[in-house]
*Asks:* 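Take a look at the following structure, please.
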Amino acid sequence: GDSVTQMEGPVTLSEEAFLTINCTYTATGYPSLFWYVQYPGEGLQLLLKATKADDKGSNKGFEATYRKETTSFHLEKGSVQVSDSAVYFCALSEGYSSASKIIFGSGTRLSIRP
Amino acid sequence: GAGVSQSPSNKVTEKGKDVELRCDPISGHTALYWYRQSLGQGLEFLIYFQGNSAPDKSGLPSDRFSAERTGGSVSTLTIQRTQQEDSAVYLCASSTARQPTYNEQFFGPGTRLTVL
């Protein structure tokens, strides 16, 4: 079945460091790919998405590119802030033209030191 | 506008009791999903409803779990004869069925269930 594998955490970085969180997926078709974020004490929220190969999703300085050839969707940010401390989930959805369940990775906890 | 709401926010129950968890999706969203988040299992899909179609129940872990959606809006997740391994945060999400945002799911704050 479909699955998502992401980098295990926790990841601890200093403020202004470069961030990469690796994510790879297994899917039978052409899924949509997502990064969701869960800030401390808050609910899960969509950070960015990409729906087809070579698409780049971006939001709040974060970026991820849908790489079909390597089945990857790595999350990057050039300069992290303390406020980026959260748990990040890579995810996929197989829905082509209608709603479909999301399959999540195990999550990566990110902590940023001032 | 209002987001997805869930109630109660916290539920403590005794092993063997039944519980009902409620979800109010975003108005106009035709798709509704239930997930649970636990330390050992991460984020797991449970069930989803899309319009008038039969629900996809493929993620329900046992026949003690059931869900219904009345009038295409509010949904109730019922867990019968609760067990300690049911302790988790139960998340509800909703989405539109329209392009291009049909697969963007908006999550509620969750119900934290503790089974003693």
Side-chain angles (χ1 to χ4, degrees), chain A residues 1-10 21 23 25 27-52 55 57-59 64 66 73 86-109, chain B residues 2-6 9-10 23 25-26 28-60 67 69 72 89-112:
Chain A
D2 296 352
S3 65
V4 176
T5 303
Q6 65 181 100
M7 180 172 169
E8 289 212 14
I21 301 178
C23 172
Y25 67 91
T28 51
Y30 301 93
S32 295
L33 301 176
F34 308 88
W35 278 98
Y36 277 83
V37 59
Q38 193 168 33
Y39 296 103
E42 297 186 17
L44 202 59
Q45 52 187 277
L46 178 65
L47 180 60
L48 53 85
K49 75 170 191 179
T51 57
K52 61 184 187 298
D55 266 3
S58 61
N59 187 24
Y66 190 142
F73 193 55
V87 181
Y88 293 81
F89 294 91
C90 186
L92 70 82
S93 170
E94 282 278 24
Y96 301 111
S97 61
S98 64
S100 179
K101 65 187 179 187
I102 290 180
I103 295 169
F104 289 92
S106 55
T108 302
R109 182 175 299 276
Chain B
V4 177
S5 61
Q6 294 185 244
S9 55
N10 278 284
C23 172
I26 293 172
H29 280 191
T30 58
L32 185 148
Y33 313 77
W34 285 98
Y35 298 85
R36 73 176 174 183
Q37 187 173 22
S38 56
L39 279 176
Q41 302 297 323
L43 267 161
E44 302 173 273
F45 163 76
L46 298 177
I47 184 171
Y48 90 87
F49 301 86
Q50 166 58 24
N52 295 321
S53 303
D56 177 349
K57 304 179 183 180
S58 60
L60 294 179
R69 189 178 186 193
V89 177
Y90 288 82
L91 297 172
C92 178
S94 69
S95 70
T96 74
R98 297 188 299 273
Q99 292 275 10
T101 57
Y102 62 87
N103 57 11
E104 290 182 19
Q105 296 182 18
F106 294 83
F107 283 79
T111 293
R112 181 175 297 278

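What you see is a predicted model, and the numbers here were worked out from it, not measured in a lab. In what follows, every chain begins at residue 1, and chains take the letters A, B, ... in the order their sequences are listed.
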*Asks:* How are the rings of Tyr66(A) and Tyr25(A) set relative to one another: parallel (under 30°), tilted (30 to 60°) or perpendicular (over 60°)?
*Replies:*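 Perpendicular.
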*Asks:* Checking heavy atoms, do the side chain of Ser53(B), its backbone, both or neither come under 4.5 Å from chain A?
*Replies:* neither
*Asks:* What part of Leu44(A) gets within 4.5 angstrom of chain B, counting heavy atoms only: side chain, backbone, both, or neither?
*Replies:* both
*Asks:* Search all heavy atoms of Phe45(B) against all heavy atoms of Ile102(A) and return the closest pair with its distance.
*Replies:* CB-O, 4.1 Å
*Asks:* Tell me every residue that passes side chain to side chain contact (heavy atoms under 4.5 Å, CB included) with Ser3(A), counting only those two or more places apart in sequence or in another chain.
*Replies:* Thr26(A)
*Asks:* Excluding sequence neighbours, so at least two apart, what forms side chain to side chain contact (heavy atoms under 4.5 Å, CB included) with Lys57(B)?
*Replies:*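 Testing Lys57(B) for side chain to side chain contact (heavy atoms under 4.5 Å, CB included), a comparison that skips the adjacent residues, returns Ile47(B), Pro55(B), Leu60(B).
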*Asks:* Measuring heavy-atom distances to chain A, does Gln37(B) have an atom under 4.5 Å in its side chain, in its backbone, in both, or in neither?
*Replies:*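 The answer is the side chain of Gln37(B).
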